[in-house]
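Everything on this sheet refers to the single structure shown next.
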Amino acid sequence: IIQLQHGAHRLGRRNDADMARWRAYGLGQFIHWGLYSIPAGEWNGKMYNGAAEWIRTWKEVSPQAYDSLIYRFNPTKFNPDSWAAVAKQMGVKYVTITTKHHDGFCLWPSKFTDFTVANSPYKKDIIGPLVKAYDKQGIDVILYFSVMDWHNPDWRYDIKTRDDSIAFNRFKQFTRNQLLELLTQYPSAKGLWFDGTWDKSWVKQAAFADSLETEMRKLHPGLIIGSRFRADEYGKRHFDSNGNLMGDYEQGWERKIPEKITDVHGNDWDCVMTIPENQWGYAKTWQGHIKTADELLEMLAKCVSLDGNFVLNFGPKPDGTLRAEELSLAKAIGDWMTVNKEAIYNGEYAGFIKQDWGYFIKSTASNKIYMLVFNIPVSGVLRVATPSHMAIRKAYGLDNAASNYTSEEIGSSTYFIHPNQQITPKKPFVIVLETGEEAKGQTGGYEKAKT
Ligand SMILES: COc1ccc([C@@H]2N[C@@H](C)[C@@H](O)[C@H]2O)cc1
């Protein structure tokens with residue numbers, strides 16, 4: 001064990017009500033919106049092949065020219081209620097919204113910089129109305145904040161000289177001021193989603209970041225902060241020098257999903273996912289594969305089955321409207337969630353052996369076990385291996401209880417689930433298992449071979 005002042009301050013999961021609420025979300029929405037949405041991956045008629053929200057770093061783009069985009073930020077069709085309604089129909093329980101991305105442009109009228117909406121043609125606060133609109137729909141809000149700030153002249157990638165450290169000390173105060181400002185202006189936010197914290201300059205601020213995290217938690221009891229905010233005094237990030245998770249949930253699953261339960265080390269976590277391969281801000285043309293609703297539903301099921309939340313990204317257009325591809329995916333996901341949401345909300349790892357046909361999710365609300373079926377075997381029969389001494393009492397379809405199933409015990413704690421009629425579904429579907437304790441002593445006489 002290494003003595004740490006600024007490592008993890010808690011072992012294991014948070015067990016308070018605020019975190020239990022976060023753990024139960026299942027499905028979330030990410031929103032990336034800002035000046036980068038205007039060029040949308042194109043500059044002087046050339047397409048930037050990186051992520052659209054990173055276009056300021058492209059050698060073809062002068063930072064000053066990029067920063068002048070502030071004078072073009074005027075989302076005349078922005079209607080937060082319409083975004084929140086789309087999210088509601090989609091079935092998301094929380095939304096993570098960019099307050100300030102790496103480019104430093106603030107979607108709220110921060111007092112600590114001029115590089116905000118207040119000095120754009122739009123003039124008005126964006127964050128406040130968004131928080132209000134989502135709160136009205138009963139969707140919780142998490143505020144995304146990038147520590148790295150390309151616009152702020154005091155930002156440094158590393159601290160090499162005395163001048164660097166004088167500038168970066170100003171930058172640290174600026175960061176603290178903005179974070180306290182966000183928590184004060186938008187007190188209904190449930191948490192902060194930090195990004196832009198990997199550079200040496202910030203990694204060297206273990207003590208400062210640790211005390212700032214403590215100060216924010218004091219200002220906002222119950223605040224949820226992930227593992228990407230700070231490093232320990234040896235520069236370790238996400239997991240401290242003793243291998244313990246820092247923050248309240250693991251934030252390492254960006255555009256990737258854990259394979260098995262041991263990959264998540266008993267921690268809470270979220271997976272943040274783009275619809276194209278790698279675009280967070282609005283990009284005029286999406287290159288490569290665009291994920292289908294069925295792919296996204298399978299990602300959602302997989303995340304919840306492994307104790308995580310699945311957060312799907314939307315990149316609104318510069319005029320404030322959502323693009324057609326995102327609206328149609330939100331609709332398709334929402335239609336599926338309308339029927340199957342009880343298998344997703346309050347979902348947790350069920351402890352069943354993973355099967356090829358899909359995912360098991362246990363409900364903390366009903367204690368029911370849900371089978372989320374994506375791949376029907378040629379046999380048409382679905383194998384289930386329950387944790388030992390757990391028997392299956394009943395199996396029925398969530399879409400309609402009439403579509404019932406017969407469970408046949410084929411071995412110790414092993415069953416075949418037989419559909420009572422030919423299943424030819426067009427969409428992933430859910431079977432509910434009601435289970436119970438196996439009768440004492442009734443071992444079913446399955447003798448293990450001696451080998
Ligand atoms: C390759 O390094 C990065 C760094 C930051 C990101 C940002 N994190 C995502 C949540 C988006 O905000 C993306 O711009 C992506 C890739």
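Start at 1 and go down the list; that is how both ligands and their atoms are numbered. We use all heavy atoms of the structure for the numbers below, so side chains are in, but hydrogens, waters and symmetry mates are not.
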Q. Atom CZ in R156, atom OG in S165: separation rounded to 0.5 Å?
A. 10.0 Å

(Q) Under 4.0 Å and counting heavy atoms only, is there anything from the protein next to atom 10 (C) of ligand 1? (A) yes

Q. At what distance is the nearest protein heavy atom to atom 14 (O) of ligand 1, and which residue and atom is it?
A. E53 OE2, 2.7 Å

Q. Is it true that the NZ or CZ of K341 lies under 6.0 Å from the centre of Y345's six-membered ring and within 45 degrees of the ring axis?
A. no

(Q) Among K368, R23, K362, which residue satisfies the salt bridge (charged side-chain N to carboxylate O under 4.0 Å, His left out) criterion with E348? (A) K362

Q: Mark the output for D195 as yes if a heavy-atom distance to ligand 1 is under 4.0 Å, and as no if none is.
A: yes

(Q) Counting only nitrogen or oxygen atoms and a 3.5 angstrom limit, does W198 reach ligand 1? (A) no

Q. Looking at Y359, is K302 sitting on its ring face, NZ or CZ under 6.0 Å from the six-membered ring centre and within 45 degrees of the normal?
A. no

Q. Just distances here: any N/O of R228 and N/O of ligand 1 closer than 3.5 Å?
A. no

Q: Assign the ring pair W193 / Y144 to parallel, tilted or perpendicular, where the plane angle (0 to 90°) is split at 30° and 60°.
A: parallel

Q.
Tell me whether E277 is salt-bridged to R255, with the criterion being a basic N under 4.0 Å from an acidic carboxylate O.
A. yes

**Q.** Close N or O approach (W193, ligand 1; < 3.5 Å)
**A.** no

Q. So W33 and F30, ring-ring contact (aromatic ring centres under 6.0 Å, His included) or not? Walk me through it.
A. CA-CA 10 Å; W33 200 38; F30 217 138; over 10 Å; no

Q: Could you check atom 15 (C) of ligand 1 against the protein and tell me its nearest heavy-atom contact, residue, atom and distance included?
A: E254 OE2, 3.3 Å

Q: Give the numbers and elements of all ligand 1 atoms closer than 4.0 Å to a heavy atom of Y144.
A: 12 (O)

(Q) For ligand 1, which is the ligand I care about here, please tell me if W280 has any N or O atom under 3.5 Å from one of the ligand's N or O atoms. (A) no

Q. So which protein heavy atom does atom 2 (O) of ligand 1 come closest to, and at what separation?
A. W54 CZ2, 4.3 Å

